Number of protein chains: 2
Amino acid sequence: MEKIRLGIFGYGNLGRGVELAAAANPDMKLAAVFSRRPASAVKLITAGVPVVPSAEAAAWADRIDVLIICGGSATDLPRQTPELAALFNVVDSFDTHARIPEHFAHVDAATRKAGTIGIISVGWDPGMFSLNRLYANCILPNGSDYTFWGRGVSQGHSDAIRRIPGVRDARQYTVPVQAAMDAVRSGANPQLTTRQKHTRECYVVAEEGADKAAIERAIVTMPNYFADYDTTVTFISQEELDREHKGIPHGGFVIRTGSTGVQGETKHVIEYSLKLGSNPEFTSSVLCAYARAAHRLAAKGECGARTVFDIAPALLSPLSGEEIRAHML
Amino acid sequence: MEKIRLGIFGYGNLGRGVELAAAANPDMKLAAVFSRRPASAVKLITAGVPVVPSAEAAAWADRIDVLIICGGSATDLPRQTPELAALFNVVDSFDTHARIPEHFAHVDAATRKAGTIGIISVGWDPGMFSLNRLYANCILPNGSDYTFWGRGVSQGHSDAIRRIPGVRDARQYTVPVQAAMDAVRSGANPQLTTRQKHTRECYVVAEEGADKAAIERAIVTMPNYFADYDTTVTFISQEELDREHKGIPHGGFVIRTGSTGVQGETKHVIEYSLKLGSNPEFTSSVLCAYARAAHRLAAKGECGARTVFDIAPALLSPLSGEEIRAHML
């Protein structure tokens with residue numbers, strides 16, 4: 001069998017995760033990594049894979065089946081995914097929920113013009129969490145949805161703390177409130193405020209001589225990021241931060257409670273949860289599975305933008321229809 | 001919008017569940033219920049829906065968009081689904097896992113000949129549990145799968161107890177072992193025996209003067225059903241059985257633990273669980289969602305057998321692609 005030739009565009013945590021995930025899938029091979037940095041500054045894990053300047057990607061159009069774009073959602077992907085879709089079948093992890101319709105439209109236009117496939121917003125939220133929201137809503141039309149995130153590191157919140165004067169380094173964990181999850185699972189159908197659903201734990205390394213009380217105040221009162229939450233701030237040393245908080249764990253819970261029966265007298269709870277040792281390594285594992293689907297759709301002559309909602313699950317598997325029916329159904 | 005005209009073939013617990021689920025979906029209407037029993041013996045919940053002798057189903061081919069076949073997997077569905085697929089788009093809940101490939105082949109042949117769609121083995125296991133096994137395997141190729149069932153009523157095991165001489169009535173619950181689930185979730189990757197995964201709780205009503213010790217012995221030593229499990233038998237009155245055990249709850253857990261990283265050093269846990277107030281009402285809710293997909297595939301001119309693996313999630317939703325991308329992704 002011919003292996004699926006993957007390209008990685010952007011080699012940060014996510015790109016590195018895709019490199020690892022590609023190696024875990026025997027039907028895939030990594031053909032090239034595209035980076036803005038000079039090739040000498042990019043050290044791959046895999047031997048023998050070229051690092052190519054991102055400006056030269058076009059020359060690789062015939063040598064790559066699916067390009068996984070590993071840029072950021074704020075400024076990279078809105079530009080990169082439509083541009084690169086003119087040359088490649090692409091998959092991205094665009095995660096700015098509010099701007100998904102706009103991004104979808106741009107990628108749809110580009111892919112239809114080029115005759116390529118573009119699967120956007122792949123990962124776990126958006127991604128696997130979205131799928132579980134959709135499935136659960138279709139099964140139980142009468143019900144309520146709840147999503148809890150964590151315990152896990154929020155990069156955005158960690159960055160926000162690091163921008164406060166006097167802060168040298170920081171790590172922020174989003175933590176779901178156990179009592180809120182228990183109330184949801186009981187079928188009590190609670191209306192939960194932001195504060196009732198999650199707490200925020202901040203581990204902060206202060207600069208020598210910094211005003212810790214001022215830092216703590218700046219954090220807990222920060223609008224949008226922390227003011228609406230019960231936030232705890234713990235000052236620790238850089239050594240402790242590096243030792244105890246170096247991972248990027250995350251996860252969460254999607255719960256739908258609903259009812260059936262003549263008068264809604266029968267209660268059901270559908271729950272999906274993830275406990276991830278590494279957010280980028282898991283996200284990139286999802287990206288690789290959807291790259292397989294992109295390759296198959298392109299091979300069938302399809303084009304256009306897709307999301308996880310549009311992809312039949314069988315397209316994600318390296319096994320045949322016969323095999324999955326016999327062993328997984 | 002024209003409503004999807006559903007038919008129900010077989011009016012037991014599952015058929016009644018489909019009737020309730022159809023009423024919960026505003027884009028569906030129940031057109032007819034087909035039963036082997038005389039119409040006078042079948043009392044529907046919905047007013048104004050005809051009860052038609054099953055032998056006369058053919059006359060309804062033009063008045064039904066999708067027929068949901070609610071027979072049993074042992075003898076009904078292997079015969080009914082291929083036969084009825086000659087006339088209707090069909091959905092069934094065939095759940096004899098080992099015979100799915102054979103059933104699929106029969107339904108595929110019938111639907112391709114007739115130009116209809118047949119979605120088989122829809123429900124929660126097979127069904128939603130299968131989907132979660134597939135998704136998790138595609139995302140984490142290096143890992144282990146675990147499925148736990150319960151706490152819930154096993155109809156087959158309850159029936160087996162009722163066949164023992166001296167037993168008047170019985171209800172059997174399959175119960176997952178908490179310690180085993182905890183070990184799985186910890187990522188310890190345990191090898192679990194049948195006995196370590198589930199226990200079986202039996203509530204038995206004995207006939208007047210029956211030998212209870214003999215009944216208990218017959219239960220706990222019964223091959224296939226109970227001998228491989230830690231089984232408890234509790235004798236209760238018919239009144240208590242009727243009062244405390246009249247529901248048909250079920251549920252369970254699909255867990256995949258897996259690893260990523262350079263040497264598998266990063267651990268992840270994916271878990272899907274269901275806590276169902278009524279097994280048949282939930283199964284029939286899943287059947288209705290897939291009936292919507294069957295209708296759409298047929299409207300596109302597709303034919304052949306399908307399983308949940310082949311159905312793009314968006315086809316299950318009454319909402320448009322734009323709506324689900326904007327609100328659920």
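Quick caveat, the model's predicted, so the values are computed rather than measured. Lettering follows sequence order; numbering is per chain, from 1.
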Visitor: For L140(B), which atoms come within 4.5 Å of any heavy atom of chain A: side chain, backbone, both, or neither?
Guide: side chain
Visitor: Any residues in residues 318-329 of chain B near chain A, with a heavy-atom distance under 4.5 Å, and which are they?
Guide: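 Within residues 318-329 of chain B, the residues that come under 4.5 Å of chain A (heavy atoms only) are I324(B), R325(B), A326(B), M328(B), L329(B).
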Visitor: Name, in order of residue number, those residues of residues 291-305 of chain B that have a heavy atom at a distance of less than 4.5 Å from a heavy atom in chain A; otherwise write 'none'.
Guide: none
Visitor: Considering only heavy atoms, which portion of I139(A) lies under 4.5 Å from any heavy atom of chain B: side chain, backbone, both, or neither?
Guide: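 It is both, since atoms from each part get that close.
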Visitor: So which part of V308(B) gets closer than 4.5 Å to some heavy atom of chain A, the side chain, the backbone, both or neither?
Guide: both
Visitor: Determine, step by step, whether N189(B) and Y146(B) satisfy the side chain to side chain donor-acceptor pair (under 3.5 Å) criterion, reporting the C-alpha distance in whole Å, the side-chain angles of both residues, the deciding distance to 0.1 Å, and the verdict.
Guide: CA-CA 9 Å; N189(B) 212 19; Y146(B) 298 88; 3.3 Å; yes
Visitor: With a 4.5 Å heavy-atom cut-off (strictly below), which parts of residues 22-29 of chain B touch chain A? List them by number.
Guide: A24(B), N25(B)
Visitor: Cationic tip of R306(A) within the cone over F104(A)'s six-membered ring, i.e. under 6.0 Å and within 45° of the normal?
Guide: no
Visitor: So which part of Y290(B) gets closer than 4.5 Å to some heavy atom of chain A, the side chain, the backbone, both or neither?
Guide: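 Side chain of Y290(B) only, per the 4.5 Å heavy-atom cut-off to chain A.
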Visitor: Which members of residues 93-102 of chain B, sorted by number, sit under 4.5 angstrom from chain A on a heavy-atom basis?
Guide: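 H97(B), I100(B), P101(B), listed by number.
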Visitor: Could you tell me which portion of S278(A) (side chain, backbone, both or neither) has an atom closer than 4.5 angstrom to a non-hydrogen atom of chain B?
Guide: both
Visitor: Set out, in order, the CA-CA distance, both residues' side-chain angles and the distance that settles side chain to side chain donor-acceptor pair (under 3.5 Å) for S144(A) and R256(A), then state yes or no.
Guide: CA-CA 6 Å; S144(A) 303; R256(A) 184 166 176 88; over 6 Å; no
Visitor: Could you look at D310(A) and say if it's the side chain, the backbone, both or neither that has a heavy atom under 4.5 Å from chain B?
Guide: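 When you check distances to chain B, atoms from both the backbone and side chain of D310(A) fall under 4.5 Å.
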Visitor: Is L131(A) in contact with chain B via its backbone, its side chain, both, or neither, using a 4.5 Å heavy-atom distance?
Guide: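 Contact with chain B involves the side chain of L131(A) alone.
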